[in-house]
Amino acid sequence: MLKETWLTRLLDSRGLKRPDGRMLYGYRLTNDEYRSLHEELASEICGKVSLWHATYVVAHFAPLFVLYAAEWWRREYLGGAWRWTPIIESFGGDAVEFAANLRTEAVMRGFAYWGHRPSSEGKKFFGAVAAHGGLPLAFIGQRGGKLAAIMENTLRLAARYEWDESAIIKAVEEQAGSLPDSLHRLEIYGLVAKMVLAMLELRQEFNLAGVEDPFALLAERDPDWRQRFPLPLEDETAQKLLNGLVREAAQQNLAGSSSIFVVERQIRLVDGDRYELSSSLACPASVSNERLGALFGQSPQEGLPRYFSIDVQVGERQPLAECRQVLGTQT
């Protein structure tokens with residue numbers, strides 16, 4: 001029968017008596033811990049009892065199952081549809097036996113143990129696993145630098161325009177056309193946004209802009225700076241992503257532009273030796289009424305309405321931004 005000792009050892013090694021509500025990637029399982037977790041599920045569950053029995057009788061199967069699923073996603077997902085079958089079969093389980101209703105019970109119990117309650121809508125359970133696992137590094141490692149380029153470009157724009165998380169997620173989504181279809185998910189955009197936000201915090205906290213050796217400065221000021229990201233420390237792909245972000249964060253801000261809206265054009269590697277020219281239009285999170293009104297030919301006496309929309313036209317006209325005046329300010 002599955003014993004509590006594996007979970008107890010994991011929590012003890014993190015200085016915890018019980019789960020503290022962090023995302024599952026925050027427990028930072030090592031390669032050895034991941035292997036031992038796999039062995040625990042394979043030998044103590046599939047080797048001895050049914051998955052029905054494990055879900056309803058073996059108290060700690062469910063938390064170990066969702067933790068393993070999250071780790072498998074980050075370490076071993078290689079593309080294609082988001083499905084439970086390869087996860088279940090990877091530790092010797094029968095995906096047919098582990099039907100949707102039984103699996104739902106295990107996922108709900110498992111996340112509850114860790115202090116989380118995922119959405120129960122459709123395939124959101126798998127989305128919760130992806131969000132708690134972090135970026136699928138095995139898959140990303142096979143697909144070159146496309147995601148890295150998106151992250152670095154988004155960091156550059158977010159630093160310039162002081163974007164919040166929602167604006168960062170939207171920017172990532174708008175650039176996601178170069179990513180494989182299986183990564184066109186809100187959970188992925190959210191994970192990328194967490195990477196960018198963590199880097200922005202480090203950039204501001206340690207004044208990285210213009211620093212010649214940002215890695216040395218971070219190592220001196222905060223040896224555990226890598227712990228702020230939803231990535232493991234042992235993975236080569238993770239290190240490449242982090243290194244690219246740090247180098248971008250250390251770049252000096254471009255000279256201020258008198259324009260409110262800025263178009264950036266980039267040549268991006270698509271496949272092999274094929275490149276494409278792409279454009280993006282960026283706008284700040286806030287701007288003064290006077291400056292924005294002047295752009296559209298409004299006199300200070302006329303002023304701007306409290307709520308309005310801005311459209312952009314490049315061939316076809318389409319919405320760009322929804323605007324509202326911040327109460328008590330002139331922005």
Handout entry: Short side-chain to backbone donor-acceptor contact, Trp73 and Val129, under 3.5 Å
Key = no

Practice task
Say whether, by atom type as modelled, one donor and one acceptor occur between the side chain of Tyr77 and the main chain of Gly80 under 3.5 angstrom.
Solution key: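 Looks like yes, one N/O pair under 3.5 Å.
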
Fill in the blank from the handout: Nearest heavy-atom contact between Arg75 and Ala138 is O-CB, 3.0 Å

Exercise for the section: Could you tell me whether Gln204 atom CD has more than 12 heavy atoms of other residues or ligands within 6.0 Å of it? Expected result: no

Exercise for the section: Give the minimum heavy-atom separation between Lys194 and Tyr25, together with the two atoms involved. Expected result: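 That closest heavy-atom pairing would be CD-OH, 3.5 Å.
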
Exercise for the section: Verify the cluster assignment for Leu281 and Val314: are they in a single hydrophobic cluster under the rule of side-chain heavy atoms below 4.5 Å apart? Expected result: yes

Handout entry: Note, Leu186 side chain near Ile169 side chain (heavy atom, < 4.5 Å)
Key =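 Yes - at least one pair of side-chain heavy atoms lies under 4.5 Å apart.
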
Handout entry: Row check, Tyr27 ring normal vs Arg22 NZ/CZ: under 6.0 Å, within 45°
Key =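 Flagged: Arg22 positioned over aromatic ring of Tyr27.
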
Exercise for the section: State, to 0.1 Å, how close Ser178 and Ile150 come at their nearest heavy-atom pair, and which atoms those are. Expected result: OG-CD1, 3.8 Å

Handout entry: Plane angle bin for Phe111 and His132 - parallel if under 30°, tilted between 30 and 60°, otherwise perpendicular
Key = tilted

Handout entry: Gln325 CD: over 12 foreign heavy atoms closer than 6.0 Å
Key = yes

Exercise for the section: Check whether the side chains of Glu322 and Ser309 place a donor and an acceptor atom closer than 3.5 Å, and report yes or no. Expected result: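 Present: a donor and an acceptor within the cut-off.
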
Problem - Ser90 backbone acceptor or donor facing His38 side chain under 3.5 Å - result: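 The answer is yes, because a donor-acceptor pair under 3.5 Å joins these two groups.
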
Practice task
Without swapping roles, check the side chain of Asp235 against the backbone of Ala238 for a donor-acceptor pair under 3.5 Å.
Solution key: yes

Handout entry: Donor-acceptor contact below 3.5 Å, side chain Arg74 vs main chain Leu135
Key =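 No; judged by distance alone, with no hydrogens or angles, the pair does not exist.
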
Practice task
Might you confirm whether atom CZ of Arg14 has over 12 heavy atoms from other residues, nucleotides or ligands at distances under 6.0 Å?
Solution key: yes

Problem - Cluster check Val326, Leu292: I/L/V/M/F/W/Y, side chain < 4.5 angstrom - result: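 The answer is no; the residues belong to distinct hydrophobic clusters.
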
Problem - Sidechain-backbone polar pair: Gln318 side chain, Val312 backbone, donor-acceptor under 3.5 Å - result: no

Problem - Short side-chain to backbone donor-acceptor contact, His53 and Val58, under 3.5 Å - result: no

Practice task
Return the orientation label for the Trp82 and Phe126 ring planes: parallel under 30°, perpendicular over 60°, tilted otherwise.
Solution key: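 The arrangement is tilted - the two ring planes meet at 30° to 60°.
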
Exercise for the section: For the pair His60 and Tyr113, name the ring-plane relationship: parallel under 30°, tilted 30 to 60°, perpendicular over 60°. Expected result: perpendicular

Problem - Lys/Arg-Asp/Glu bridge criterion (N-O < 4.0 Å) met for Glu39, Arg35 - result: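 So Glu39 does not pair with Arg35 through a salt bridge.
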
Practice task
Step through the shown structure and confirm whether more than 12 heavy atoms of other residues, nucleotides or ligands are within 6.0 Å of CD on Gln313.
Solution key: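 Yes - once you tally the heavy atoms of other residues, nucleotides and ligands closer than 6.0 Å, there are more than 12.
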
Handout entry: Short N-O contact, Glu152 and Arg156, less than 4.0 angstrom
Key = no

Problem - Path from Phe296 to Val287 over hydrophobic side-chain contacts below 4.5 Å - result: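 Yes, Phe296 and Val287 fall within the same hydrophobic cluster.
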
Practice task
Could you label the plane-to-plane angle of the Tyr56 and Trp52 rings as parallel, tilted or perpendicular, counting under 30° as parallel and over 60° as perpendicular?
Solution key: tilted

Practice task
May I ask you to check whether over 12 heavy atoms, not counting those of Glu162, lie within 6.0 Å of atom CD?
Solution key: no

Handout entry: Nearest atoms (heavy-atom pairs only) where Thr237 meets Gly141
Key = OG1-CA, 3.6 Å

Problem - Modelled atom types, side-chain donor and acceptor of Gln175 and Thr154, under 3.5 Å - result: yes

Handout entry: Lys/Arg-Asp/Glu bridge criterion (N-O < 4.0 Å) met for Glu205, Arg228
Key = yes

Problem - Student check: side-chain heavy atoms of Gln239 and Arg226 closer than 4.5 Å - result: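 They are in contact (side-chain heavy atoms under 4.5 Å apart), so the answer is yes.
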
Handout entry: Atom of Pro118, atom of Val107 and distance for their closest heavy-atom approach
Key =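 In this case the closest contact between Pro118 and Val107 is CG-CG1, 4.5 Å.
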
Practice task
For the residue pair Trp6 and Ser36, confirm or rule out a side-chain donor-acceptor distance under 3.5 Å.
Solution key: yes

Exercise for the section: Check whether any side-chain heavy atom of Arg306 sits under 4.5 Å from a side-chain heavy atom of Leu327, and report yes or no. Expected result: yes

Practice task
Indicate the atoms forming the closest heavy-atom contact of Leu191 with Ala131, along with that distance.
Solution key: CD2-O, 3.6 Å

Problem - Donor-acceptor side-chain pairing of Thr30 and Asp32 below 3.5 angstrom - result: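 Side chains of Thr30 and Asp32: no pair found under 3.5 Å.
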
